[in-house]
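What follows is a single structure, and I will ask about it in a moment.
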Amino acid sequence: MLDIDKIRAEFPILTQKIQKKDLVYFDNAATSQKPKSVLSALAHYYEAINSNVHRGAHTLAAAATEAFEQTRLLAQAFMNAEHLEEIIFTRGTTEGINLVAASYGRTVLRPKDEVLVSMLEHHSNIVPWQLACQATGAVLKVIPIHADGSLDQEAYRNLLSNRTKIVAFNHVSNALGTVNPVKDMIKEAQAVGAVVLVDGAQAAPHFRINVQDLNADFYVFSAHKVYGPTGFGVLYGKKKWLEQMPPYMGGGEMIKEVSFERTTYNVLPYKFEAGTPNIADAVAFAESLRFVQQHGLENIAKHENELHDYAMQLLPKVKGFRAIGTAAQKVGVISFLVANTHHFDLGMMLDAQGVAVRTGHHCTQPLMRHLGIEGTVRASFAVYNTKREVEVFVEALEKCVKMLT
Ligand code: PMP
């Protein structure tokens, strides 16, 4: 059992008053808050270790390199990657997908090849593939959804063919919270010879990720949604792909030898890590991984699911409440609308009562268009949230709705 009061005490930001009310932070799918251990690691890095990594002859350079590379080891264990060099540090999910789309995508795609993405995707798992398709003459196809927000698996199987070269979908939808059956979907894509990228931005905070068990070709996530700092993330890629892919960016760190005539590239993972990396945030992220490890992702997910179920018990009593996305497999997120109120008005009015939720299209405009809506209100949970906060949120929502209708 998790001691939520004790866990809350690790997050200084949660003690803040917003608009003179206790903060209820239900915008965790956008970014989670960070425990003290992460904040202290960041300060400690700059106070005691700061130096550039790799190639340094002096003590601080060695200490910075060691701390930086320690995170790679932890990330490898976190994802259960077979090889350490399969862990590439990025600025986040977006950069990870762009790297794969530009480096792998543009290399392998030929005119009329097909790239499949799903209706549930975040813009960052759509636009990089559009760019790759535009550059190569490949065609982007979309896996449709059922009315409850689950992916239409039959349509998916029908879309797969020997023209399908890349399939990219999220593990968990940020807009609806749908959990996709990624293991089966990966198997089906690979059966037609396609390579699969999984956008794990919304899964990493809730599930134990096992890239070997999933047999994912690429898997990406951002640190800032897993109790870690912004501007840092991880791309896992199977060694056999990463080895044959050209560099994404050129610069320092990613080279073996440079001349004006010809440059040779560094070994993995450094071939994909041009320039001085985000050392401080990488080092601090080790503490986030220790935090989830200490509390256990299974326990965290169980707690969040209880909050989700409790909220879904209470919310229907709000007149006009309509859940958007009701798939059987869901995690951490409740997207909704209330009667004919505008989602943005609801968000502003909830904020006036100290409740932070996200409103809008959640970077999923094609999905919103498909659903015939402009956006939703989204409440999303993390380990430090409580049932009492769910009650405060529902009471606040009732108040807003009364004022607006
Ligand atoms: N994919 C999904 C499913 C997301 O939820 C997000 C963040 N909202 C992203 C991609 C993009 O992540 P980032 O902005 O951290 O690169």
Side-chain angles (χ1 to χ4, degrees), residues 25-34 38 75 88-102 117-131 142-143 145 149-151 167-180 182 185 196-207 209 214 216 218-236 248 272 277-278 281-282 284-285 288 304 324-325 327 329-335 347 356-368 375-382:
Y25 187 79
F26 279 177
D27 193 18
N28 296 289
T31 197
S32 62
Q33 299 302 347
K34 329 297 173 199
V38 172
I88 313 286
F89 288 160
T90 65
R91 284 193 298 128
T93 304
T94 303
E95 189 177 64
I97 299 170
N98 274 279
L99 189 159
V100 177
V117 297
S118 92
M119 181 60 81
L120 293 175
E121 296 319 305
H122 188 281
H123 296 161
S124 62
N125 203 21
I126 300 173
V127 186
W129 301 113
Q130 280 175 332
L131 293 170
V142 183
I143 309 161
I145 54 170
S150 59
L151 290 180
V167 181
F169 43 71
N170 55 40
H171 197 155
V172 174
S173 149
N174 66 306
L176 307 184
T178 312
V179 181
N180 293 316
V182 288
M185 291 177 72
V196 183
L197 176 138
V198 182
D199 169 356
Q202 296 294 339
H206 309 293
F207 301 136
I209 296 161
L214 293 176
F218 299 101
Y219 196 105
V220 288
F221 72 91
S222 302
H224 70 93
K225 295 183 202 277
V226 197
Y227 309 102
T230 53
F232 186 73
V234 175
L235 157 67
Y236 159 83
Y248 173 52
F272 292 108
N278 185 351
D281 290 313
F285 186 52
S288 319
E304 290 162 347
I324 309 292
Q329 300 301 320
K330 273 193 66 183
V331 76
V333 164
I334 297 175
S335 238
V357 291
R358 182 106 338 208
T359 62
H361 54 63
H362 315 297
C363 295
T364 56
Q365 283 180 351
L367 172 64
M368 295 295 133
T376 72
V377 182
R378 182 185 72 186
S380 51
F381 309 108

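Whatever order the structure lists them in is the order used to number ligands and atoms, beginning at 1.
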By ring pair (Phe, Tyr, Trp, His ring centres under 6.0 Å) - contacts of Phe381 (at least two apart): Phe26
Contact residues of ligand 1, where a non-hydrogen atom lies under 4.0 Å away: Thr93, Thr94, His122, Ser124, Asn174, Asp199, Ala201, Gln202, Ser222, His224, Lys225
Counterpart residues, side chain to side chain donor-acceptor pair (under 3.5 Å), relative to Asp281 (two or more places apart): Asn278
For Arg358, the option from Asn28, Thr31, Asp27 that meets side-chain hydrogen bond (donor to acceptor under 3.5 Å, both in side chains): Asp27
No-hydrogen, no-angle side-chain donor-acceptor test under 3.5 Å, Thr93 and Ser222: yes
Aromatic plane relationship, His171 with Tyr219 - under 30° parallel, 30 to 60° tilted, over 60° perpendicular: perpendicular
Those residues that, when tested against Thr376, pass side chain to side chain donor-acceptor pair (under 3.5 Å) (two or more places apart): Ser335, His362
